[in-house]
Amino acid sequence: MPQLLLIEDDPGIRAALVRALTERGHGVRTSPTGMSGLQDAVDRRPDLVVLDLGLPDVDGCTVLTMLRAVSDVPVIVATARDDEREIVHALDAGADDYVVKPFAAEHLDARIRAVLRRGAGTEPSALMEVAGLRIDPRSREAVLDGQPLDLTRLEFDLLAHLAARAGTVVSKRELLADVWHQPYGGADKTVDVHLSWLRRKLGESAAEPRYLHSVRGVGVKLVAPAP
Ligand code: CA
């Protein structure tokens with residue numbers, strides 16, 4: 001049974017989610033503040049964290065940044081406002097996904113299952129090489145021109161997915177389905193944010209691409225850079 005940690009200060013939301021998620025087969029622990037949640041996540045290693053961004057003691061994005069310094073546990077953030085900047089900030093800080101309040105427990109449960117599948121579902125496969133880029137799915141290491149890349153789990157999955165299809169345009173819909181496990185589509189901006197961070201780590205940009213080329217209206221492809 002997956003063990004979830006719910007960091008949420010609102011007692012009503014907390015109680016409702018504990019009930020709904022327990023009924024759906026999860027083990028749920030809760031923390032009412034950012035600092036106690038962080039401590040719990042470090043000490044007791046949950047399988048996934050649901051993190052409210054509006055907490056009384058510490059801003060949720062700060063909690064996420066602190067957590068990411070010590071753990072790569074999957075995190076779904078819950079935000080009270082459909083505020084694009086806040087969502088992008090949370091994704092940048094290492095959130096795997098997000099939900100906007102008010103959300104149905106079934107919706108959160110679907111996101112939780114998708115994120116947990118993503119962590120468990122990657123089959124080890126052969127080493128991939130595209131020019132100076134080497135990606136080893138077994139060790140989950142990526143190296144660019146001899147330098148190891150410091151990628152999040154999701155960035156690695158995205159890069160590995162594109163490298164396995166090098167030279168082929170991959171649509172955002174396919175990425176959402178296969179990397180994010182959201183077969184019925186999700187927010188394109190989720191893909192865009194992670195692509196832009198991956199580009200930055202590869203030392204390139206959408207305006208001056210080397211490996212990652214956007215194909216307008218179609219998707220993105222990974223190619224060997226022009227010499
Ligand atoms: Ca709150």
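All ligand and atom numbering here is 1-based and tracks the order in the structure. This structure is a prediction, so every number in the text was calculated from the model and none was measured.
In the model, T62 has no side-chain atom that pairs as donor or acceptor with a side-chain atom of T65 under 3.5 Å.
Below the 3.0 Å limit, the Ca ion (ligand 1) has as protein N, O or S neighbours D9 OD1, D52 OD2, G54 O.
In this structure, the ring of H194 has its center less than 6.0 angstrom from the ring center of W180.
With S71 contributing its side chain and V73 its backbone, the two residues share a donor-acceptor pair below 3.5 Å. A donor-acceptor contact shorter than 3.5 Å links the side chain of E204 to the backbone of R210.
Salt-bridge check for R68 with D96: passed, with a basic side-chain N closer than 4.0 Å to an acidic carboxylate O.
Nearest heavy-atom pair, I13 versus K101, reported as atom, atom and distance to 0.1 Å: CD1-NZ, 3.9 Å.
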